[in-house]
Amino acid sequence: MQAALDRILQTYALLNNGKAAEAVREKLQRYLQTLHDGGETDVDRLTVCGLVYLRQQDGRLDPVKAGYTGM
């Protein structure tokens, strides 16, 4: 699980021009632990789920927050 956490934080920083996700590290770690406790052990799947979780936290999955107006 630590490998997935490290990959998520590194990838997130690359996607955000160096802006690290250290502020949500504990929440992310709890989220990954929940997935792991539920039976998910694949590091790649944990990484993808973690990245999606971080994008949800910063609002980039919300079209309105991302600036999409539908026009």
Side-chain angles (χ1 to χ4, degrees):
M1 198 175 77
Q2 184 62 40
L5 182 63
D6 293 340
R7 284 174 59 185
I8 293 165
L9 293 174
Q10 181 182 22
T11 303
Y12 190 78
L14 289 172
L15 292 171
N16 291 299
N17 297 324
K19 178 185 169 191
E22 292 297 325
V24 295
R25 184 183 188 95
E26 288 183 34
K27 288 171 105 177
L28 176 61
Q29 200 163 10
R30 283 193 301 267
Y31 176 71
L32 291 177
Q33 187 63 49
T34 301
L35 294 176
H36 189 267
D37 291 346
E40 185 57 68
T41 58
D42 185 329
V43 175
D44 293 329
R45 287 181 55 88
L46 287 170
T47 301
V48 171
C49 290
L51 287 168
V52 170
Y53 175 77
L54 288 179
R55 288 186 67 192
Q56 288 173 334
Q57 296 301 305
D58 70 12
R60 286 191 295 166
L61 289 182
D62 184 356
V64 174
K65 287 182 182 176
Y68 179 70
T69 62
M71 301 189 131

Problem set entry | Whether Gln10 side chain and Tyr12 backbone form a donor-acceptor pair below 3.5 Å | no
So, for [X] and [Y], which heavy atoms are closest and what is the spacing to 0.1 Å?
X     : Y     : result
Arg25 : Asp6  : NH2-OD1, 4.1 Å
Asp42 : Asp44 : OD1-N, 2.8 Å
Ala4  : Leu46 : CB-CB, 3.8 Å
Leu35 : Cys49 : CD1-CB, 3.7 Å

As an exercise, state the distance from [atom1] of [X] to [atom2] of [Y], rounded to the nearest 0.5 Å.
X     : Y     : atom1 : atom2 : answer
Gln29 : Ile8  : CD    : CD1   : 10.5 Å
Thr47 : Leu9  : OG1   : CG    : 10.0 Å
His36 : Thr34 : NE2   : OG1   : 11.5 Å
Leu28 : Gln33 : CG    : CD    : 11.5 Å

For this session: Would you indicate whether Glu26, at its atom CD, is surrounded by more than 12 heavy atoms from other residues, nucleotides or ligands within a distance under 6.0 Å?
Result: no
